[in-house]
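Computed from heavy atoms alone, side chains included, the values below leave out hydrogens, waters and symmetry copies.
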Amino acid sequence: MALREKQLSGLKRYTELPYLLNMLSTRKITLLNPTSWVDRNDAFYLRRYLERRNLQSVLVLCLSKSAATYHHWHVFAPNASGVRIEFHENLLREWASRIPGARLEPVQYVKLNKDLLSQIGLDQLPFAKRHAFRHEGEVRLIVENAKEKLPLLAVPFEYEMIKEIIVSPWLPQPVFPSVKTAIQGAARNAKFNIRATTMLESKVFMSAAENEA
């Protein structure tokens with residue numbers, strides 16, 4: 001539609017520019033330990049899964065299948081250094097399938113209802129979340145390790161997995177060219193699109209206000 005910012009259908013990762021540059025320069029995607037997550041319900045479920053499965057580590061990468069919203073930017077990439085990485089879903093799934101102990105599944109959002117909560121099985125614990133978070137449209141990659149306690153896991157990847165990188169709506173427009181150059185340099189001029197989001201200032205959207213009734 002002409003009056004809406006183009007939304008992409010791949011899997012999205014919201015993060016910040018320093019982490020993106022590190023990912024591109026090292027050619028590795030990093031999965032982290034969820035113990036420091038703000039959502040303590042989430043962290044508790046993953047800890048219980050680790051304990052009940054007798055695992056040493058469960059490392060996680062959070063993605064989103066949903067179209068971009070202001071909430072995604074405000075919560076997951078909330079300042080001028082925020083970025084959104086759009087992956088080709090088929091290539092990311094193929095990459096994940098080659099990681100030992102990996103599971104890539106959509107999160108299931110559960111209402112605060114005793115009957116519904118009682119139906120969450122052990123295998124579902126890493127992918128269950130409260131219904132209040134449903135708008136996030138999360139898809140979660142977890143990697144299990146029964147032998148080592150790992151603080152993180154950095155997995156090599158190919159630039160071809162990236163479809164597009166979108167920079168923060170709070171990044172001043174005059175700064176964008178320098179940021180784009182930095183991203184291109186870290187990625188060794190890989191062939192993916194880099195653009196600024198128009199979520200907070202769209203010329204197309206604002207031009208509609210000039211239309212005559």
Value rounded to 0.5 Å, distance of [atom1] in [X] from [atom2] in [Y]:
X	Y	atom1	atom2	value
Phe192	Ile162	CZ	CD1	4.5 Å
Ser57	Ile142	OG	CD1	12.0 Å
Asn33	Leu59	CG	CG	6.5 Å
Asn79	Leu171	CG	CG	10.0 Å
Tyr49	Gln124	OH	CD	11.0 Å
Arg93	Leu141	CZ	CG	10.0 Å

Taking all non-hydrogen atoms of both residues into account, name the closest pair between [X] and [Y] and its distance.
X	Y	answer
Leu61	Thr30	CD1-O, 3.8 Å
Ala196	Ile166	C-CG2, 4.2 Å
Ala68	Lys12	N-CE, 4.4 Å
Ala102	Ala96	CB-O, 3.5 Å
Cys62	Arg140	SG-NE, 4.3 Å
Pro34	Ala43	O-CB, 3.6 Å

- When you measure from the side chain of Tyr109 to the backbone N and O of Glu138, does any donor-acceptor pair fall under 3.5 Å? yes
- Whether Tyr14 and Phe76 hold their rings parallel, tilted or perpendicular, with breakpoints at 30° and 60°: tilted
Should [X] and [Y] be regarded as members of a common hydrophobic cluster, given that ILVMFWY residues are connected when their side-chain heavy atoms come within less than 4.5 Å of each other, either directly or indirectly?
X	Y	answer
Leu152	Trp95	no
Ile99	Leu32	no
Ile194	Leu11	yes
Phe44	Ile120	yes

- Can Glu89 and Lys65 be said to form a salt bridge (charged side-chain N to carboxylate O under 4.0 Å, His left out), step by step? CA-CA 9 Å; Glu89 183 171 354; Lys65 181 68 172 176; 2.3 Å; yes
- Report the C-alpha distance between Glu136 and Lys129 in whole Å, list the side-chain angles of each, state the deciding distance to 0.1 Å, and finish with yes or no for salt bridge (charged side-chain N to carboxylate O under 4.0 Å, His left out). CA-CA 11 Å; Glu136 294 175 357; Lys129 199 164 184 173; 3.0 Å; yes
Contact between [X] and [Y] at the side-chain level, heavy atoms closer than 4.5 Å - yes or no?
X	Y	answer
Leu55	Asn145	no
Val83	Glu16	no
Thr197	Val167	no
Arg53	Val58	no
Ile183	Leu21	yes
Met161	Ile29	yes
Leu46	Trp37	yes
Leu31	Val155	yes

- Message: With a 4.0 Å cut-off on N to O distance, would you call Glu164 and Arg84 a salt bridge?
- Response: no
- Task: Answer yes when Glu86 and Arg13 have at least one side-chain N-carboxylate O distance shorter than 4.0 Å, and no when they do not.
- Result: no
- Given the rule in the side-chain contact (heavy atoms from CB on, under 4.5 Å) test, do Glu144 and Leu50 qualify, once you have shown the distances and angles that lead to the verdict? CA-CA 8 Å; Glu144 306 173 9; Leu50 178 146; over 6 Å; no
- What's the verdict on side-chain contact (heavy atoms from CB on, under 4.5 Å) for Ile85 and Met23, showing C-alpha distance, side-chain angles and the deciding distance? CA-CA 11 Å; Ile85 308 164; Met23 184 189 91; 3.9 Å; yes
- Message: If you apply the rule side-chain contact (heavy atoms from CB on, under 4.5 Å), what do you find for Val179 with Leu17, and how did you get there?
- Response: CA-CA 9 Å; Val179 170; Leu17 184 62; 4.2 Å; yes
- Task: Any ring-ring contact (aromatic ring centres under 6.0 Å, His included) involving residues 112-141? Give me the pairs, sequence neighbours left out, ordered by first then second residue.
- Result: His71-His135
- Can you pull the side-chain hydrogen bond (donor to acceptor under 3.5 Å, both in side chains) pairs that have at least one residue in residues 168-190, sequence neighbours excluded? Tyr159-Arg188
- Task: I would like to know whether Tyr70 and Val75 meet side-chain contact (heavy atoms from CB on, under 4.5 Å); could you show each step before the answer?
- Result: CA-CA 9 Å; Tyr70 180 80; Val75 173; over 6 Å; no
